[in-house]
2 protein chains.
Amino acid sequence: MNLKQLAQMLALSQTTVSRALNGYPEVNEETRRRVMDAAKRHGYRPNPSARRLATGKSGMIGYVLPTGAAVDIDPHFVEFLSGLGDYARSHELDLVLSPADADDQETTYRRIVANRQVDAVYISSPRPHDSRVALVSTLGIPFLVHGRSEGFDFDYPYLDIDNEGAFHEAARLLVQLGHRRLALINGDDRESFAIHRERGVRRALAASGLTLGERHVCSVVMTEENGYRATRRLLEEGDAPTAIACSSLIMALGVVRAVRDLGLTIPGDVSLIAHDDVFPWLKPENFSVPLSTTRSSIRLAGARVAERLAARISGLEEGARGEIWPVDLVIRGSVAGAPG
Amino acid sequence: MNLKQLAQMLALSQTTVSRALNGYPEVNEETRRRVMDAAKRHGYRPNPSARRLATGKSGMIGYVLPTGAAVDIDPHFVEFLSGLGDYARSHELDLVLSPADADDQETTYRRIVANRQVDAVYISSPRPHDSRVALVSTLGIPFLVHGRSEGFDFDYPYLDIDNEGAFHEAARLLVQLGHRRLALINGDDRESFAIHRERGVRRALAASGLTLGERHVCSVVMTEENGYRATRRLLEEGDAPTAIACSSLIMALGVVRAVRDLGLTIPGDVSLIAHDDVFPWLKPENFSVPLSTTRSSIRLAGARVAERLAARISGLEEGARGEIWPVDLVIRGSVAGAPG
DNA sequence: AGAGTCTTCCAAAGCGCTTTGGCTTTTTGG
DNA sequence: CCAAAAAGCCAAAGCGCTTTGGAAGACTCT
């Protein structure tokens with residue numbers, strides 16, 4: 001059943017039927033009702049390929065997925081996706097993932113924009129001066145950044161959590177508890193979120209005249225193994241920290257294992273606060289010592305990103321609105337006063 | 001730059017240019033070269049929307065993503081996706097994720113097929129008599145099942161790992177080591193993979209005249225917490241097992257924690273073998289006691305699925321070819337002879 | 001040499017929708 | 001009551017590609 005047939009059936013022109021269906025004003029309400037009715041009754045659905053060719057709109061949002069033999073997709077992605085799906089489902093919005101060589105995403109961005117494959121894109125894990133932001137911005141496709149980039153002479157729309165504030169609070173708490181030597185086990189410090197977190201920790205320390213030792217901050221890919229290694233190194237060297245802030249629950253698993261391997265305890269010998277993106281399959285309260293966390297649901301962020309993207313596509317949202325979500329600090333058993 | 005312009009520029013008809021570009025035989029090789037050359041020089045890329053409307057082919061593969069407030073996307077998905085991306089990237093194949101209400105995926109399947117949004121789909125985590133397999137099969141779109149369904153009177157193409165064989169081997173090893181009471185902490189037993197694994201364990205036990213006690217098999221969503229709970233229950237009741245087979249590394253985290261909480265040790269009091277899908281961020285060799293595993297890279301499976309899907313789209317693969325990958329059994333420190 | 005066969009190309013008809021420009025008919029305002 | 005404006009509808013022209021159905025010329029074969 002296509003438009004032509006439907007129009008014929010109603011003894012109307014395709015023009016009128018199309019307009020009736022798409023809510024244009026120049027059609028009689030009575031006529032519109034008839035059309036809508038017939039459309040529903042016959043299960044008419046406009047052919048998206050055709051509509052697309054005519055309008056250039058695809059009804060899909062895009063994400064360029066960095067891939068490569070040495071590139072692992074972040075497990076956080078799946079939670080984000082759950083959120084995106086939550087919103088998208090109820091709006092018949094599809095997501096198209098365009099895998100790209102992690103070292104050359106530009107080609108892919110250009111392709112999907114030139115081809116008008118998607119109506120909007122989102123960018124995640126941005127870095128300062130992130131070339132994708134500049135690119136997408138000049139290409140003129142609606143977009144939203146999940147996270148924040150920096151160093152541009154223009155604004156852009158984004159959704160971020162207050163990473164700096166979160167880690168500032170976490171570090172401040174630790175300092176209040178008497179800790180003087182903090183360490184930060186962070187994610188890749190070329191990414192903004194990691195930079196912000198480090199900034200937060202430093203600011204909290206500075207407020208008490210303390211500093212983050214150069215060897216007390218590690219920047220690694222967020223795996224259990226790297227959490228373990230970082231912790232061993234930190235605790236085995238002289239000047240070992242008495243408190244650790246950690247950028248992910250997965251790394252925290254490694255931290256806990258390392259502490260135990262060294263015959264130390266949490267929070268007796270070292271206090272630990274980790275960031276929790278709220279995975280359904282790994283919860284901080286279930287760690288052998290319940291983990292204090294800075295908590296922010298990445299799933300909710302996914303839903304919000306989809307919502308804003310949809311709004312931007314339909315022109316309901318405009319301009320460079322930045323949105324920064326506060327982060328909860330949840331105290332559990334893994335923090336205590338500094339030893340000694 | 002569109003086809004018309006290119007044709008004009010070459011003083012050829014659109015027909016000929018189109019055919020030259022698409023490798024049709026009825027065009028002079030000399031002409032083809034000219035066309036190809038000009039196309040490249042001017043960076044001509046056929047408009048996919050137009051091509052799509054004309055041919056009905058989209059150049060994308062689809063996946064219906066079950067979502068819902070109470071539905072969590074499996075973290076395995078992201079690794080699978082990495083693999084899919086590995087292949088898709090080099091073939092300019094995009095993946096479209098269509099979020100659907102987990103309880104009504106049929107509508108979405110019908111939509112994406114009716115709309116010809118994608119050229120092929122894959123189905124994952126199938127159950128016996130999985131309605132999606134039947135549906136997609138009647139809808140007549142090329143597809144591939146990652147995993148296996150059962151109970152149909154027709155064959156279908158799939159890629160699966162030898163879950164039964166893997167858990168058979170694992171259980172057999174444990175029995176050989178003298179264990180008489182095994183337990184299985186399994187995933188959702190409505191899914192085929194879980195059924196096959198249980199079958200494997202039972203078969204191994206039966207071979208030695210043993211059985212899997214009804215209370216020794218749990219079927220749960222694969223989270224750390226559920227692994228913990230299941231283990232506590234198993235070990236605190238009478239008739240506690242001396243060996244556990246576990247369907248996921250994530251659950252194994254919970255198993256290990258529970259065993260420790262109870263003051264028991266691995267492998268002293270209980271041996272443990274888990275299935276490892278090969279996550280980059282959580283490795284069995286890094287468990288406090290290195291974990292014995294049945295290992296199969298889900299990432300490789302993702303790449304293979306993409307490859308076969310591409311082959312099916314282009315007609316290189318036909319029929320209902322099933323492909324079953326063997327699974328490695330990797331022995332590490334978490335297994336030992338039965339205590340006592 | 002004429003019929004038949006290839007080879008190589010083309011004009012034009014879709015694919016199914018949106019949108020432009022215009023034509024009636026009705027309503028409004030003075 | 002009439003001109004002007006508004007309402008309601010339509011035919012037809014795209015959007016940019018593929019494919020059908022020839023047609024013209026070159027070649028082969030008897």
Side-chain angles (χ1 to χ4, degrees), chain A residues 1-36 38-39 42-60 92 111-119 313-315, chain B residues 1-36 38-39 42-60 92 111-119 313-315:
Chain A
M1 164 108 311
N2 59 20
L3 185 63
K4 194 169 177 180
Q5 292 165 18
L6 187 63
Q8 216 146 31
M9 180 162 300
L10 287 161
L12 285 171
S13 74
Q14 295 189 35
T15 310
T16 304
V17 176
S18 170
R19 286 188 160 146
L21 258 21
N22 293 320
Y24 280 66
E26 60 265 68
V27 36
N28 190 312
E29 272 312 318
E30 154 73 27
T31 310
R32 188 193 305 282
R33 235 191 318 278
R34 266 181 59 221
V35 172
M36 293 284 225
H42 294 83
Y44 168 74
R45 313 253 320 172
N47 177 321
S49 303
R51 159 174 287 177
R52 189 159 165 168
L53 177 59
T55 63
K57 299 265 160 197
S58 69
M60 313 205 272
E92 272 197 16
R111 170 170 66 84
I112 66 178
V113 169
N115 290 352
R116 298 175 155 279
Q117 296 210 124
V118 295
D119 296 340
I313 290 173
S314 59
Chain B
M1 163 109 309
N2 58 22
L3 186 62
K4 193 170 177 179
Q5 292 165 16
L6 187 64
Q8 216 146 31
M9 179 163 297
L10 286 161
L12 284 172
S13 73
Q14 295 190 37
T15 311
T16 304
V17 176
S18 170
R19 286 188 159 146
L21 258 21
N22 293 319
Y24 279 66
E26 60 265 68
V27 36
N28 192 312
E29 271 314 317
E30 155 75 26
T31 310
R32 187 193 305 280
R33 236 192 318 278
R34 266 180 61 219
V35 172
M36 293 285 226
H42 294 82
Y44 168 75
R45 313 251 322 170
N47 176 319
S49 303
R51 160 174 284 178
R52 189 158 162 169
L53 178 60
T55 63
K57 298 266 161 197
S58 68
M60 311 205 273
E92 272 197 18
R111 170 170 65 84
I112 65 178
V113 169
N115 290 352
R116 298 176 154 278
Q117 295 209 130
V118 296
D119 296 341
I313 290 173
S314 59

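Reminder, nothing fancy here: chain letters follow the sequence lines and each chain counts from 1.
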Spacing of [X] atom [atom1] relative to [N] atom [atom2], expressed in whole Å:
X     : N      : atom1 : atom2 : value
B/K4  : C/dA11 : NZ    : C1'   : 13 Å
A/Q14 : C/dG14 : CD    : C1'   : 13 Å
A/N2  : C/dG16 : CG    : P     : 6 Å
B/L53 : C/dA13 : CG    : P     : 17 Å
B/L3  : D/dT19 : CG    : P     : 12 Å
A/N22 : C/dG16 : CG    : P     : 17 Å
A/R51 : C/dC17 : CZ    : P     : 9 Å
A/K57 : C/dT18 : NZ    : P     : 14 Å

Base, sugar-phosphate, or nothing for B/A11, non-hydrogen atoms under 4.0 angstrom?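 Answer is sugar-phosphate: B/A11 comes under 4.0 Å of backbone atoms only.
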How would you label the contact of A/T15 with the nucleic acid (heavy atoms, under 4.0 Å): base, sugar-phosphate, or nothing? base
Please tell me if [X] has a side-chain N or O lying less than 4.0 Å from either OP1 or OP2 of [N].
X     : N      : result
B/Y44 : D/dC17 : yes
A/T16 : D/dC10 : yes
B/Y24 : C/dT8  : no

Walk me through it: do B/E92 and A/R111 pass the test side-chain contact (heavy atoms from CB on, under 4.5 Å)? CA-CA 10 Å; B/E92 272 197 18; A/R111 170 170 66 84; 3.7 Å; yes
Please give me the minimum heavy-atom distance between [X] and [Y], naming the atom from each residue.
X      : Y     : answer
B/Y44  : B/N2  : CE1-C, 3.6 Å
A/V27  : A/R32 : CG1-NH2, 3.4 Å
B/D119 : B/G56 : OD1-O, 4.2 Å

Within a 6.0 Å radius of atom CZ on A/R116, are there more than 12 heavy atoms belonging to other residues, nucleotides or ligands?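 No.
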Measure from the side-chain N and O atoms of B/S18 to the backbone N and O of B/Q14, and report whether any donor-acceptor pair falls under 3.5 Å.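 No; judged by distance alone, with no hydrogens or angles, the pair does not exist.
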If only atom types and distance count, is the side chain of B/N28 paired as donor or acceptor with the main-chain N or O of B/E30 below 3.5 Å? yes
Side chain of [X] only, please: which of [options] is the nearest?
X     : options                : result
B/R19 : C/dT18, D/dT20, D/dC17 : D/dT20
B/A54 : D/dC17, C/dT8, C/dT18  : D/dC17
B/S18 : D/dA11, C/dA11, D/dT18 : D/dT18
B/E26 : C/dT18, D/dC9, C/dC9   : C/dC9

Within residues 28-35 of chain B, residues whose heavy atoms come under 4.0 Å of DNA chain D: none
Upstream residue (5' side of DNA chain D) when A/P25 and B/P46 are each assigned their closest nucleotide: A/P25
Rounded at 0.5 Å granularity, tell me how far OG1 in B/T16 sits from CG in B/L10.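 Going from the OG1 atom of B/T16 to the CG atom of B/L10 covers 10.0 Å.
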